[in-house]
Amino acid sequence: MGVVILLVMAAGVAAMLTRKLPTAFALVVLAVVIALVAGAPLTGKNSVLDTVLQEGASALAATMIAILLGSWLGKLLDETGIAGTLVRKIVEFGGDRPVVVALGVLAVSTLVGTVTGSAPAAMLAGIIGIPAMIAVGIPKVTAAGTILMGIAAGMPFELPVWQFFSTALELPVPTVRGFMIKLFPFALAAAVLFVLVESRRRGVEHAWSAKSLTPKPRSSRRARLGDAPWYALLTPVVPLVLALGLDVAIIPSLLAGVLYCLVTTTRPREMNKRLLRTLYGGFEVAAAPITLFIAIGILLAAVKLPGAIEALEPLVKAVSPQNAVLFVLVFTVLVPLCLYRGPLNVFGLGAGIAGVLIAAGIYPATAVLGLATSYNQVFGVADPTSTQTVWSAQYAGVTPQQVMIRTLPYVWAVALGGFCVTAATYL
């Protein structure tokens with residue numbers, strides 16, 4: 001039975017890779033088939049309808065709310081001009097010094113990455129940042145990669161990501177936060193090294209005349225508003241200070257960020273309209289990831305069924321290294337399997353594999369946390385199918401595959417660092 005479940009998983013990966021089915025739909029179909037193969041009844045306890053579909057769909061509800069609030073805050077950063085102001089100030093400070101400009105845009109991308117992820121984060125920092133970097137001579141691939149590496153450097157402090165791993169792996173938020181703090185130095189060092197090395201390896205490349213790279217002029221609304229007030233620029237830091245420094249829960253911290261942004265940028269008579277407008281915009285941005293998290297919750301419920309655990313435990317245990325050195329070596333070699341929506345992508349089948357590793361007692365949940373978050377650093381930057389990578393590459397005028405080739409060595413090193421910390425701390 002375990003072999004059959006693995007074959008079903010392989011078929012699911014093939015369906016996602018070949019785009020026969022969207023990832024979310026493929027995961028739901030996969031979950032239902034796994035449950036049936038594992039002998040789950042249609043209704044009742046540990047069943048397909050009641051456990052897998054009903055309970056699984058809402059299992060990551062807290063993560064979905066955090067995603068929505070992060071998207072709402074991201075829309076506010078855009079509409080109020082906070083993100084644009086941060087990038088413009090950095091570009092003005094950097095002048096015609098390419099590396100300084102790139103490092104400044106990297107810093108803004110990191111800050112934005114703590115609030116929201118995926119394509120919205122790339123757009124917030126990249127719409128102005130990518131043309132500005134290219135204008136001062138940063139190569140196109142490096143400009144796109146700088147945005148992505150910056151977002152990834154901020155990812156260890158992205159509150160919705162904390163909530164996701166906390167819920168999915170059934171770990172307290174402080175445990176997730178503790179490992180993320182350990183992962184952050186690797187992500188930051190790799191991001192800075194990427195800018196320093198890649199901005200110099202090919203020299204200065206000017207591309208002012210590239211039509212697609214010309215910065216968009218300010219809208220009349222933005223021109224009227226001007227730059228956001230200096231104290232409003234602290235908005236991305238507010239949720240982080242509350243959650244990290246004062247140990248406030250994630251959802252209240254994000255709500256506080258929304259309110260701070262609104263109060264520091266909006267006249268009282270305009271608050272109601274802006275609140276509703278940006279909230280509805282946040283729903284549009286959050287729709288895709290929320291759909292994916294519903295599917296991931298369903299898949300997690302399926303692989304945690306007693307029949308599935310009993311079938312998979314001996315197979316998974318036989319191929320899972322227990323020695324710390326082998327643990328690091330094997331999972332480092334397997335890094336490419338989290339690309340192209342592969343089986344180790346935590347926002348796909350990788351979530352199911354993580355659930356099996358924990359439910360079957362192969363590794364402690366904290367070790368699986370280390371694996372999943374380390375792989376997520378790779379996926380968030382180098383996967384040519386991820387929305388932020390596609391947007392950044394296309395906006396810079398290059399292909400996602402070119403960005404993958406340039407960034408992969410750096411994020412591979414981040415994953416290696418994460419595996420070393422995991423093996424040393426939790427095995």
Side-chain angles (χ1 to χ4, degrees), residues 13 16-19 23 98-99 101-103 105-106 109-110 113 117-119 121-123 125-126 129-131 133-134 136-155 186-207 210 212-213 329 331-348 350 374-419:
V13 172
M16 288 184 278
L17 286 176
T18 58
R19 299 184 183 274
T23 300
V99 175
V101 171
L103 287 173
V105 173
L106 178 76
S109 301
T110 301
S118 195
M123 291 177 186
I130 288 176
M133 285 187 284
I134 293 174
V136 296
I138 296 294
K140 297 176 184 179
V141 176
T142 305
T146 297
I147 297 294
L148 295 168
M149 294 295 291
I151 294 171
M155 197 184 302
F186 296 102
L188 181 62
V192 173
L193 189 63
F194 174 84
V195 171
L196 295 178
V197 173
E198 297 296 327
S199 62
R200 298 176 182 274
R201 65 182 299 175
R202 294 171 60 186
V204 175
E205 296 180 4
H206 292 294
S212 63
L213 300 172
L329 291 177
F331 286 110
T332 300
V333 170
L334 295 180
V335 159
L337 293 182
C338 70
L339 301 176
Y340 289 98
R341 304 288 173 177
L344 293 181
N345 176 2
V346 70
F347 294 113
S374 299
Y375 281 132
N376 192 39
Q377 292 294 131
V378 179
F379 164 75
V381 175
D383 190 338
T385 67
S386 67
T387 54
Q388 65 265 34
T389 304
V390 171
W391 183 89
S392 299
Q394 291 179 344
Y395 192 70
V398 295
T399 67
Q401 287 75 20
Q402 288 176 288
V403 175
M404 177 186 71
I405 291 170
R406 280 281 187 266
T407 58
L408 185 55
Y410 298 91
V411 289
W412 206 325
V414 175
L416 173 60
F419 299 149

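Values reported hereafter were calculated over all heavy atoms of this structure, with side chains retained and with hydrogens, waters and symmetry mates removed. Quick note: residue numbers are just sequence positions, from 1.
In this structure, the separation between CE on M149 and OG1 on T110 is 9.5 Å, given to the nearest 0.5 Å. Of the inter-residue distances, the one linking L196 atom CG with L106 atom CG reads 9.5 Å to the nearest 0.5 angstrom. Expressed to the nearest 0.5 Å, how far CD1 of I151 lies from OG1 of T389 amounts to 8.5 Å.
The aromatic rings of F331 and F419 are tilted relative to each other, their planes meeting at an angle between 30° and 60°. Ring geometry, F379 versus F347: the interplanar angle falls from 30° to 60°, so the pair is classed tilted.
Between L148 and S392, the shortest heavy-atom distance links the atoms CD2-OG, 3.7 Å. Summarising the geometry of R406 relative to F194, their closest heavy-atom pair is O-CE1, 3.9 Å, with the distance given to 0.1 Å. When all heavy atoms of Y395 and P131 are compared, the pair lying nearest together is CE2-CD, 3.6 Å. For the pair Q377 and V411, the tightest heavy-atom approach, listed with the atom from each and the gap, is O-CG1, 3.8 Å. The two residues S199 and I138 come nearest to each other via the heavy atoms CB-CD1, 3.7 Å. Taking all atoms of both residues into account, the shortest heavy-atom contact from I134 to A396 is CD1-O, 4.1 Å.
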Run the numbers on L339 and L408 for side chain to side chain contact (heavy atoms under 4.5 Å, CB included), then give the verdict. CA-CA 10 Å; L339 301 176; L408 185 55; 4.2 Å; yes
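Two residues are said to be in side-chain contact when any heavy atoms from C-beta on lie closer than 4.5 Å; L334 and L344 meet this criterion. For the pair I147/M133, a side-chain contact is recorded, criterion being any heavy-atom separation below 4.5 Å from C-beta on. A heavy-atom distance below 4.5 Å is found between the side chains of V99 and R200. The side-chain heavy atoms of D383 and V378, taken from C-beta on, include no pair separated by under 4.5 Å.
Not a single donor-acceptor pair under 3.5 Å links the side chain of W412 to the backbone N or O of V333. Counting only distance, with no hydrogens or angles, the side chain of Q401 and the backbone of P384 share no donor-acceptor pair below 3.5 Å.
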